[in-house]
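Structure first, commentary second.
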Amino acid sequence: MAENQGRGTPREVSQKPPQRWAGKDILGIQEISVAEIELILDTAASFKEVSTREIKKVPTLRGKTVINLFYEASTRTRTSFEIAAKRLSADTINISASSSSVVKGETLIDTAKNLEAMKPDCIVIRHSAAGAPHLLARLMDVPVINAGDGAHEHPTQALLDLFTVREKIGRLASLKVAIVGDILHSRVARSNIWGFIKMGAEVHVAGPRTMKPAEVERMGVHWHTSLSEVIPIADVIMMLRIQLERQEGGFFPTLREYSRLFGLNMEVMMAAKPGVLIMHPGPMNRGVEISPEVADGPFSVILDQVTNGVAVRMALLYLLVGGEKESERSSL
């Protein structure tokens, strides 16, 4: 393998996997089939090796342009997409709302039309409004990837979480996954619920009653109002950040009270299964939903999630921009 470092595609990808991506966009986990999720995870596994090379780059998307259009602040997701595109040799352009014509009153529709006129090959968008990526996808012929839309979905986060669990445990089916915290405002929770259930896991969610979405039980999850009910049964525990920026207040008395009832600390972990995985999508409120000792402890795979995010986003860019599409195959 050493002589191939820095050139060529991973062996598994270059051999053309038997399945190909049929769609144009990645907008939500709810819209992706089990077979498509497996294709993404398998492709990500083949690309992960690139990040271990001395020269962390393959020419797969050379000559392609990826635009990261972020209307909300982001560190992990935007940087992960940028690194993923650059490791595939694509050119990347980062646009934030504060530095765009949005501050001059330009609408999202006009922004989309102007960007498409510049002939990019993919648009990655994060927006505070649910449905914004779907609007772009309807307006644009280029692939659109949802990097988080309001409190709706965050599909690439769910995909990297699925990848991490499968990598660490070896399977997704029949696992018990506990998602704890601010379910009401969390797009990560929604995407992970759809993703883990589709892949055969049993999902339990826990949080204050005031943070329970009205439809959550119709999604097929088990609802709990106590952290102690889910800790002993979970193979995977995913803690969610309290999203103060999406709240108008009144969902819980104080952060201290929330931490006392739903914070994951070493005392609570005494009841957990041996080998349980601790996850967090970030950014963490240390000392609120998770203690530093747990976040940095032996069961934590939080940094593995960040590492795997690059591989998963490389896979998505490859499948949407660089991979042979089903429509192209059928026309041959």
Look at [X] together with [Y] and state whether they make a salt bridge at an N to O cut-off of under 4.0 Å.
X: D42; Y: R166; value: yes
X: E215; Y: R190; value: yes
X: R260; Y: E257; value: yes
X: R78; Y: E82; value: no

Without hydrogens or angle criteria, can the side chains of [X] and [Y] be said to hold a donor-acceptor pair below 3.5 Å?
X: H222; Y: E229; value: no
X: E153; Y: N146; value: no
X: Q305; Y: T164; value: no

side-chain contact (heavy atoms from CB on, under 4.5 Å), that's the test. Do R87 and S51 meet it? Break it down for me.
CA-CA 8 Å; R87 287 188 180 164; S51 295; 2.7 Å; yes

Say whether, by atom type as modelled, one donor and one acceptor occur between the side chain of [X] and the main chain of [Y] under 3.5 angstrom.
X: S46; Y: T43; answer: yes
X: K198; Y: I29; answer: yes
X: D121; Y: T65; answer: yes
X: S89; Y: V58; answer: yes
X: E217; Y: W223; answer: no
X: K176; Y: V203; answer: no

Using salt bridge (charged side-chain N to carboxylate O under 4.0 Å, His left out), reason through D149 and R187 one step at a time and then give a plain yes or no.
CA-CA 7 Å; D149 61 327; R187 55 194 173 205; over 6 Å; no

For L108 against A132, the heavy-atom pair lying closest together:
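Taking every non-hydrogen atom into account, CD2-CB, 3.8 Å.
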
R286, CZ atom: more than 12 neighbouring heavy atoms under 6.0 Å
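Atom CZ in R286 is crowded, with more than 12 foreign heavy atoms closer than 6.0 Å.
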
When you look at NZ of K64, are more than 12 heavy atoms from neighbouring residues, nucleotides or ligands closer to it than 6.0 Å?
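Open.
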
Which distance, rounded to the nearest 0.5 Å, do you find between the [atom1] of [X] and the [atom2] of [Y]?
X: I237; Y: I179; atom1: CD1; atom2: CD1; result: 12.0 Å
X: L277; Y: D235; atom1: CG; atom2: CG; result: 8.0 Å
X: I290; Y: M279; atom1: CD1; atom2: CE; result: 11.5 Å
X: T307; Y: E167; atom1: OG1; atom2: CD; result: 9.0 Å
X: C122; Y: I145; atom1: SG; atom2: CD1; result: 4.0 Å
X: H154; Y: L159; atom1: NE2; atom2: CG; result: 10.5 Å

side-chain contact (heavy atoms from CB on, under 4.5 Å) assessment of L115 paired with I95
CA-CA 11 Å; L115 290 177; I95 302 174; 3.8 Å; yes

Check whether NZ of the Lys or CZ of the Arg R313 lies under 6.0 Å from the centre of the six-membered ring of F81 and within 45 degrees of that ring's axis.
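Judged by the rule (NZ or CZ under 6.0 Å from the ring centre, within 45° of its axis), R313 counts as positioned above F81.
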
Once side-chain hydrogen bond (donor to acceptor under 3.5 Å, both in side chains) is applied, do any residues pair with E293, and if so which ones, sequence neighbours excluded?
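Result, side-chain hydrogen bond (donor to acceptor under 3.5 Å, both in side chains) vs E293: S291.
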
Carefully, step by step, assess M314 and K48 under the rule side-chain contact (heavy atoms from CB on, under 4.5 Å).
CA-CA 9 Å; M314 287 176 72; K48 187 172 180 180; over 6 Å; no

Are L303 and V312 grouped together when hydrophobic residues (ILVMFWY) are joined by side-chain heavy atoms under 4.5 angstrom apart?
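L303 does not cluster with V312.
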
